[in-house]
There are 2 protein chains.
Amino acid sequence: MVKNRIEQKCIQKGLRMTEQRKVIAQVLSSSDDHPDAEELYRRTTSINNSISLATIYRTLKLFNDNGILEKHEFKDGKFRYEMVYKDHHDHLIDIETGKVVEFRDEEIEKLQEKIANKLGYSIINHRLEIYAVKKNK
Amino acid sequence: MVKNRIEQKCIQKGLRMTEQRKVIAQVLSSSDDHPDAEELYRRTTSINNSISLATIYRTLKLFNDNGILEKHEFKDGKFRYEMVYKDHHDHLIDIETGKVVEFRDEEIEKLQEKIANKLGYSIINHRLEIYAVKKNK
DNA sequence: TTATATGCAAAACATTTGCACTTGA
DNA sequence: TCAAGTGCAAATGTTTTGCATATAA
């Protein structure tokens, strides 16, 4: 039986693989967007309906604590999640459609280090979100 | 009677100046930090205790909608507010003490324009938060 | 005068938690 | 076997809202 990336990480971390966690891992692995808890609940129950919202939340917290996924909060009032098997990247949010575009820019990464440095700090992490609209319409 | 900056903006926008709004405007004008609704409630009621939390929320929304203040959501789960009479700036949050340091960097501003541009977007606004710890301790 | 703002308490909303039961290793 | 995970429903914490009353212009 083939294991998805998240399931592999769970095993590697020694997490107990319950039926529910497998389904959540599977859904997350095959998602390339940024779903919130409610949306994940919808996706998982369509595969296996013996999963509660509480378990979704507990599992998301577990995965987040274990560095398996990242928790975002774009300006829509709820948390959204994303696997962390990709390299670090930032987000541009289309405020008309809600679409999220990922990008990475080395210069910006370096500049932030420099700024924190100048202020006497070491960066732990950062959040850069650009809210924008499509050009030339 | 001298009017504070926020009160001036309200008048300029044609907002009705109630007793409550005056007090909230006064508190915000003399705050140079990033208080949340609960904290503002504390500060305003110490001046005039005929202000309800509901009014705080309604007034913050009103001021935000009118571009009089900015709403932030650092990673502590609540909204925090700040006047927008200063120039745009970003935030560095000390994750050990919760202290918020403001900074502005032209290069980063320009870079973001460039990135959005390359992706085919025009920036409406952005959010850059650096979470960091003090160096050499 | 009267449209708008307010206080209060109830509702809304996403998220968390206590507890009895179930399950993975 | 039994520590750890789960479902359910109730609790939480922040923010919003309906409604009767009060107030700014």
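Below, all heavy atoms of this structure are taken into account, side chains as well, without hydrogens, waters or symmetry copies. Since we're looking at a predicted model, the values are computed, not measured. Quick note on labels: first sequence line is chain A, next is B, and so on, each numbered from 1.
- Interface limits on DNA chain C: the 5'-most and 3'-most nucleotides within less than 4.0 Å of chain B heavy atoms are dA3(C) to dC8(C).
- The two residues Ser29(B) and Met83(B) make their nearest non-hydrogen contact at CA-SD, 3.5 Å.
- Contacts between residues 13-21 of chain B and DNA chain D, counted as heavy-atom distances below 4.0 Å, involve Arg16(B), Met17(B), Thr18(B).
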Using a 3.5 Å cut-off and no angle test, enumerate the donor-acceptor pairs between side-chain atoms of residues 51-59 of chain A and protein atoms at least two apart in sequence or in another chain.
| residue | atom | partner | partner atom | Å |
| --- | --- | --- | --- | --- |
| Ser52(A) | OG | Thr55(A) | N | 3.2 |
| Ser52(A) | OG | Thr55(A) | OG1 | 3.3 |
| Thr59(A) | OG1 | Thr55(A) | O | 2.7 |

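- Between its opening and closing five pairs, the helix from dT1(C)-dA25(D) to dA25(C)-dT1(D) changes axis direction by 40°, a value rounded to 10 degrees.
- Applying the 4.5 Å side-chain rule to ILVMFWY residues, one finds Met17(A) in the same cluster as Ile11(A).
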Summary of protein contacts for nucleotides 11-21 of chain D, nucleotide by nucleotide, where a base hit scores B, a sugar-phosphate-only hit scores S (4.0 Å, heavy atoms): ---SBBBB---
Please tabulate, for side-chain N and O atoms in residues 61-70 of chain A, each donor-acceptor pair with protein atoms closer than 3.5 Å (sequence neighbours left out).
| residue | atom | partner | partner atom | Å |
| --- | --- | --- | --- | --- |
| Lys61(A) | NZ | Asp65(A) | OD2 | 3.1 |
| Asn66(A) | ND2 | Leu62(A) | O | 2.9 |

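- With sequence neighbours excluded, the residues forming a side chain to side chain contact (heavy atoms under 4.5 Å, CB included) with Gln26(B) are Asn4(B), Ile47(B), listed by chain and number.
- Every residue two or more places apart in sequence or in another chain that forms a side chain to side chain contact (heavy atoms under 4.5 Å, CB included) with Tyr131(A) is listed here: Phe74(A), Lys75(A), Ile93(A), Ile95(A), Glu129(A), Asn125(B), Arg127(B).
- Residues that satisfy the side-chain hydrogen bond (donor to acceptor under 3.5 Å, both in side chains) test with Arg21(A), not counting sequence neighbours, are absent from this structure.
- For Arg104(B), the side-chain hydrogen bond (donor to acceptor under 3.5 Å, both in side chains) partners at least two apart in sequence or on another chain are Glu106(B).
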Going by atom type alone, with no hydrogens or angles, which donor-acceptor pairs under 3.5 Å involve a side-chain atom of residues 110-123 of chain B and a protein atom two or more places apart or on another chain?
| residue | atom | partner | partner atom | Å |
| --- | --- | --- | --- | --- |
| Gln112(B) | OE1 | His126(B) | ND1 | 3.2 |
| Asn117(B) | OD1 | Lys135(A) | NZ | 2.7 |
| Tyr121(B) | OH | Asp94(A) | OD2 | 3.4 |

